[in-house]
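Sequence lines set the chain letters: A, B, ... in the order given, protein chains first and strands last, and positions in each chain run from 1.
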There are 2 protein chains.
Amino acid sequence: MKILHHPDRSEIHLSSVLYALSDPVRLYIVSEIKKAGERTCGDMSVPVAKSTLSHHARTLREAGIVNVRVHGTQRLLSLRTEDLEFRFPGLLNAILDAFESSFEKDQFLNS
Amino acid sequence: MKILHHPDRSEIHLSSVLYALSDPVRLYIVSEIKKAGERTCGDMSVPVAKSTLSHHARTLREAGIVNVRVHGTQRLLSLRTEDLEFRFPGLLNAILDAFESSFEKDQFLNS
DNA sequence: TTCTTATTTCGATTGTTATCGAACAACAGA
DNA sequence: TCTGTTGTTCGATAACAATCGAAATAAGAA
């Protein structure tokens with residue numbers, strides 16, 4: 001089985017986190033995970049090819065934002081809430097609250 | 001005199017703000033402005049060419065993060081604190097606090 | 001008007017990224 | 001073992017971004 005690298009808590013960098021979350025698709029993915037707790041890639045209806053979705057999942061994982069757990073043929077994504085809160089208190093919530101109250105999520109509603 | 005376009009408060013997008021702040025140089029610029037209230041481009045000692053600095057200032061202005069005021073031959077940059085707080089409550093502070101307590105600012109200390 | 005200072009714009013370069021489809025790999029169930 | 005499901009990797013493409021130096025601009029001072 002493939003080993004998925006997750007950065008250590010201390011290796012999570014602010015710029016990388018902000019960059020990873022500056023993409024509307026990834027922001028949407030993260031907000032979906034936040035709501036559901038854990039989601040698979042196929043679970044999320046985003047208007048991109050599955051290879052693109054895979055790329056986004058990888059970006060989020062390498063930035064230290066999500067944890068990926070292998071379960072059969074699926075990958076379960078969850079937020080690294082504690083680690084992020086430890087490193088950057090209040091950041092994730094501020095971003096996700098902003099996303100929820102913005103119009104940026106609207107473009108995914110009918111996709 | 002050249003007109004500098006600043007996006008309206010309602011035109012500030014979360015992704016653009018996060019993207020603009022995902023660059024270490026720009027993050028440093030913003031943290032310097034935050035401390036001083038207002039700064040000129042030449043004021044800030046960043047390890048990049050002046051044309052590059054100009055590019056970063058433009059990115060921050062177009063993302064709606066800074067206001068640029070012309071004063072003689074200089075441009076005074078200030079944070080659009082109120083607008084950002086209105087659109088994304090707590091976001092800017094969470095990011096700047098994270099930056100201050102991270103090691104990311106260290107790379108600029110001796111430049 | 002000429003010089004100086006502060007900053008922008010231009011053109012070029014180099015590197016990165018988002019995207020896709022096709023091929024591949026891992027697993028589960030029949 | 002075959003088949004379908006799930007997701008990754010590969011190769012390609014097109015767009016974008018960070019960077020620089022040189023030239024241009026704009027305002028003020030001499």
| task | Can you sort out which residues in residues 34-44 of chain A have a heavy atom within less than 4.0 Å of DNA chain D? Ascending by number, please. | result | A:T40, A:C41, A:G42
| Can you find a donor-acceptor pair, distance only, under 3.5 Å between B:S51 side chain and D:dG21 base? | yes
| said: Without decimals, in angstroms, what is the distance between B:R61 CZ and C:dT9 P? | reply: 8 Å
| Whole-Å distance between C:dA6 C1' and B:L77 CG? | 12 Å
| query | A:S10: what forms a side-chain hydrogen bond (donor to acceptor under 3.5 Å, both in side chains) with it, not counting sequence neighbours? | reply | A:D8
| query | When you measure from the side chain of B:K50, which nucleotide among C:dT8, C:dT19, C:dT9 comes out closest? | reply | C:dT8
| request: Starting from the 5' end of DNA chain C, give me the residue, A:V25 or A:R75, whose nearest nucleotide shows up first. | output: A:V25
| request: Evaluate the side chain to side chain contact (heavy atoms under 4.5 Å, CB included) criterion for residues B:L18 and B:I95: first the C-alpha distance (whole Å), next the side-chain angles of each, then the deciding distance (0.1 Å), finally the verdict. | output: CA-CA 9 Å; B:L18 295 179; B:I95 293 176; 4.2 Å; yes
| message | OP1 or OP2 of C:dC20 versus the side-chain N and O atoms of A:T52: is any pair under 4.0 Å? | response | yes
| Stepwise side chain to side chain contact (heavy atoms under 4.5 Å, CB included) check, A:R26 with A:L21 | CA-CA 6 Å; A:R26 289 194 290 262; A:L21 295 177; 5.5 Å; no
| request: Can you run down the side-chain hydrogen bond (donor to acceptor under 3.5 Å, both in side chains) pairs that involve residues 11-24 of chain B, sequence neighbours left out, and say none if there aren't any? | output: A:E104-B:S15
| task | Quick one: list whatever passes side-chain hydrogen bond (donor to acceptor under 3.5 Å, both in side chains) with A:E100, sequence neighbours left out. | result | none
| Euclidean distance, atom CD of residue A:Q74 to atom C1' of C:dC27 [Å, nearest integer] | 10 Å
| query | To which residues is A:F103 joined in a hydrophobic cluster, defined by side-chain heavy-atom contacts under 4.5 Å among Ile, Leu, Val, Met, Phe, Trp and Tyr, whether direct or through other members? | reply | none
Dump the pairs, protein N or O against N or O of nucleotides 1-3 of chain C, anything under 3.5 Å, distances to one decimal.
none

Can you give each donor-acceptor pair under 3.5 Å made by side-chain atoms of residues 75-88 of chain B, sequence neighbours left out, with the distance rounded to 0.1 Å?
{"unit_1": "B:R80", "atom_1": "NE", "unit_2": "B:D83", "atom_2": "OD2", "d": "3.1"}
{"unit_1": "B:R80", "atom_1": "NH1", "unit_2": "B:P7", "atom_2": "O", "d": "2.8"}
{"unit_1": "B:R80", "atom_1": "NH2", "unit_2": "B:P7", "atom_2": "O", "d": "3.0"}
{"unit_1": "B:R80", "atom_1": "NH2", "unit_2": "B:D83", "atom_2": "OD2", "d": "3.0"}
{"unit_1": "B:D83", "atom_1": "OD1", "unit_2": "B:R9", "atom_2": "NE", "d": "2.8"}
{"unit_1": "B:D83", "atom_1": "OD1", "unit_2": "B:R9", "atom_2": "NH2", "d": "3.2"}
{"unit_1": "B:E85", "atom_1": "OE1", "unit_2": "B:G90", "atom_2": "N", "d": "3.4"}
{"unit_1": "B:E85", "atom_1": "OE2", "unit_2": "B:G90", "atom_2": "N", "d": "3.1"}
{"unit_1": "B:R87", "atom_1": "NE", "unit_2": "B:R9", "atom_2": "O", "d": "3.2"}
{"unit_1": "B:R87", "atom_1": "NE", "unit_2": "B:I12", "atom_2": "O", "d": "3.4"}
{"unit_1": "B:R87", "atom_1": "NH2", "unit_2": "B:I12", "atom_2": "O", "d": "2.5"}

Between protein and nucleic acid, restricted to nucleotides 28-30 of chain C and to nitrogen or oxygen atoms under 3.5 Å apart, what atom pairs and distances do you find?
none

| task | Please list, chain by chain and in numerical order, all residues satisfying side-chain hydrogen bond (donor to acceptor under 3.5 Å, both in side chains) with B:N93, sequence neighbours excluded. | result | B:K34
Solution key, residues 63-71 of chain A side-chain donor-acceptor pairs under 3.5 Å, sequence neighbours excluded:
{"unit_1": "A:R69", "atom_1": "NE", "unit_2": "A:E38", "atom_2": "OE2", "d": "3.1"}
{"unit_1": "A:R69", "atom_1": "NH2", "unit_2": "A:E38", "atom_2": "OE1", "d": "3.1"}
{"unit_1": "A:R69", "atom_1": "NH2", "unit_2": "A:E38", "atom_2": "OE2", "d": "3.2"}

| task | Check whether any side-chain heavy atom of A:S31 sits under 4.5 Å from a side-chain heavy atom of A:K105, and report yes or no. | result | no
| query | When you measure from the side chain of A:H55, which nucleotide among D:dG7, C:dT19, D:dT9 comes out closest? | reply | C:dT19
| said: In the structure I gave you, are the side-chain heavy atoms of B:H55 and B:L53 within less than 4.5 Å of one another anywhere? | reply: no
| field | For atom CG of A:L53 and atom P of C:dC20, their distance in whole Å | value | 10 Å
| said: Given 3.5 Å as the limit, does a donor-acceptor pair link the side chain of B:R39 with the main chain of B:I33, or not? | reply: no
| remark: Side-chain contact check for A:V48: nearest option of C:dA18, C:dT8, C:dC20 is C:dC20
| message | Could you tell me how far apart A:H56 (NE2) and D:dT8 (C1') are, to the nearest whole angstrom? | response | 15 Å
| field | Rounded distance (Å) that lies between atom P of D:dA18 and atom CG of B:L21 | value | 12 Å
Protein-nucleotides 11-16 of chain D N/O pairs closer than 3.5 Å?
none

| field | Atom-to-atom span, CG of A:L60 to P of C:dA18 - whole angstrom | value | 10 Å
| task | Classify the angle between the aromatic ring planes of A:Y28 and A:F108 as parallel (below 30°), tilted (30 to 60°) or perpendicular (above 60°). | result | parallel
| query | Quick one: is C:dT7 close enough that its OP1 or OP2 comes under 4.0 Å of any side-chain N or O from B:R58? | reply | no
| task | Please state how far atom CD in A:E62 lies from atom P in D:dT9, giving the value in whole angstrom units. | result | 9 Å
| Between B:L60 and B:A20, what is the shortest heavy-atom contact and its length? | CD2-CB, 4.2 Å
| request: Sequence neighbours left out, what pairs pass salt bridge (charged side-chain N to carboxylate O under 4.0 Å, His left out) with at least one residue falling in residues 46-62 of chain B? | output: B:R58-B:E62
